[in-house]
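No hydrogens, no waters, no symmetry mates; every other heavy atom, side chains included, goes into these values. Just so it is clear, the model here is predicted, and its values are computed rather than measured.
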Amino acid sequence: CLQMDATTFKDEKVKEKLFAIANDIIKLAAARELINGIKIPSNSDTIKNFQLDAGFDYTKDQNRSVKELFTDLNSGRVMDRLLSGDVGFGKTEVAMNGILATILSGNQALFVCPTTLLATQHFHGMQKRFEK
């Protein structure tokens with residue numbers, strides 16, 4: 001005889017909901033695979049000069065991240081990339097490479113920040129960085 005108490009019932013409902021969410025994510029990912037993205041070239045002198053003008057040498061991780069970012073941008077596929085790291089480790093510099101390549105190819109870029117303060121700081125930093 002199978003007995004189900006209230007906790008088991010709740011667990012089953014949670015499990016059902018999680019499977020439904022996972023199924024939706026899988027469907028969305030499959031649909032995105034069918035979308036053709038744009039190819040954004042990243043081997044211009046402007047980008048190389050931008051990197052040299054950073055005021056510091058990129059770290060091994062930054063170089064790898066920029067390379068992977070440009071591979072994604074030039075793939076012709078819709079890009080899903082999350083760049084994570086501790087504060088002050090150059091994520092913004094990596095992102096600016098992608099922004100510059102995107103703008104140079106005649107497209108638009110969006111940089112999202114979680115707070116107004118951070119958005120303001122990034123605006124001023126990028127404004128200075130993109131001056132040239």
Side-chain angles (χ1 to χ4, degrees):
C1 176
L2 179 65
Q3 289 186 331
M4 293 180 69
D5 60 13
T7 304
T8 304
F9 181 71
K10 285 181 186 176
D11 290 345
E12 289 299 318
K13 292 294 253 180
V14 168
K15 193 183 294 184
E16 284 177 31
K17 186 66 175 170
L18 288 175
F19 277 117
I21 291 169
N23 189 41
D24 289 344
I25 291 171
I26 291 168
K27 285 180 185 175
L28 178 61
R32 287 177 58 86
E33 283 296 315
L34 300 175
I35 299 171
N36 289 324
I38 55 175
K39 286 192 173 194
I40 298 176
S42 56
N43 56 354
S44 75
D45 288 338
T46 303
I47 292 172
K48 290 174 188 159
N49 289 333
F50 177 79
Q51 293 170 348
L52 292 172
D53 196 42
F56 57 89
D57 292 332
Y58 284 14
T59 65
K60 182 177 132 185
D61 288 337
Q62 284 174 311
N63 281 320
R64 187 192 78 239
S65 294
V66 168
K67 182 180 176 185
E68 290 174 2
L69 175 70
F70 286 158
T71 298
D72 284 354
L73 288 173
N74 198 29
S75 71
R77 313 276 321 161
V78 175
M79 183 175 74
D80 283 322
R81 176 164 292 277
L82 173 65
L83 184 61
S84 66
D86 290 335
V87 172
F89 277 75
K91 297 177 299 294
T92 303
E93 183 68 26
V94 171
M96 285 189 291
N97 278 269
I99 291 169
L100 181 58
T102 302
I103 291 169
L104 289 174
S105 71
N107 293 284
Q108 295 180 345
L110 175 69
F111 188 89
V112 179
C113 300
T115 66
T116 304
L117 176 62
L118 189 57
T120 302
Q121 290 171 343
H122 281 308
F123 173 76
H124 292 297
M126 288 183 186
Q127 190 175 38
K128 182 178 179 184
R129 191 71 176 85
F130 286 125
E131 255 176 358
K132 291 183 181 179

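- Proximity of I99 to M126: side-chain heavy atoms (C-beta onward) are separated by under 4.5 Å at one or more points.
- Of all heavy-atom pairs spanning L69 and V94, the tightest one is CD2-O, 3.6 Å.
- Residues D53 and K132 share a closest heavy-atom pair of OD1-NZ, 3.1 Å.
- No side-chain heavy atom of I47 sits less than 4.5 Å from a side-chain heavy atom of N43.
- Cluster annotation: V112 and F130 are assigned to distinct hydrophobic clusters (Ile/Leu/Val/Met/Phe/Trp/Tyr, side-chain heavy-atom contacts under 4.5 Å, transitive).
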(message) Walk me through whether S105 and N107 qualify under side-chain hydrogen bond (donor to acceptor under 3.5 Å, both in side chains).
(response) CA-CA 6 Å; S105 71; N107 293 284; 2.9 Å; yes
(request) Kindly indicate, with the supporting measurements, whether the criterion side chain to side chain contact (heavy atoms under 4.5 Å, CB included) is fulfilled by Y58 and N97. (result) CA-CA 12 Å; Y58 284 14; N97 278 269; 3.0 Å; yes
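- Heavy atoms only, all atoms of each residue included: E93 and A54 are closest at OE2-CB, 3.7 Å.
- A donor-acceptor pair under 3.5 Å is formed between the side chain of N49 and the backbone N or O of D45.
- In E16, the CD atom is crowded: over 12 heavy atoms of neighbouring residues, nucleotides or ligands sit closer than 6.0 Å.
- Remark: M96 CE to T92 OG1 distance equals 6.5 Å, nearest 0.5 Å.
- Nearest heavy-atom pair, Q62 versus D57, reported as atom, atom and distance to 0.1 Å: OE1-O, 4.4 Å.
- Summarising the local packing, CZ of F19 is surrounded by 12 or fewer heavy atoms from other residues, nucleotides or ligands at distances under 6.0 Å.
- Going from atom CD of Q51 over to atom CG of L100 covers 9.0 Å, rounded to the nearest 0.5 Å.
- Ring-plane geometry between F111 and H122 is classed as perpendicular, the angle between the planes exceeding 60 degrees on a 0 to 90 degree scale with a lower cut at 30.
- Under the 4.5 Å side-chain heavy-atom criterion for Ile, Leu, Val, Met, Phe, Trp and Tyr, V78 and I38 are members of distinct hydrophobic clusters.
- Following chains of ILVMFWY side-chain contacts shorter than 4.5 Å, one cannot reach M79 starting from I25, and the two form parts of different hydrophobic clusters.
- Looking at every heavy atom in both residues, A95 comes nearest to L83 through N-CD2, 4.5 Å.
- Rounding to the nearest 0.5 angstrom, the gap separating the CZ atom in R81 from the OG atom in S65 is 7.0 Å.
- R64 places a side-chain heavy atom less than 4.5 Å from the side chain of E68.
- Once rounded to the nearest 0.5 Å, the distance linking NZ of K91 with CG of L82 reads 10.5 Å.
- The side chain to side chain contact (heavy atoms under 4.5 Å, CB included) with F70 is formed by just one residue from the set D72, L73, N74; it is L73.
- L18 and I26 end up in different hydrophobic clusters when Ile, Leu, Val, Met, Phe, Trp and Tyr side chains are linked at under 4.5 Å.
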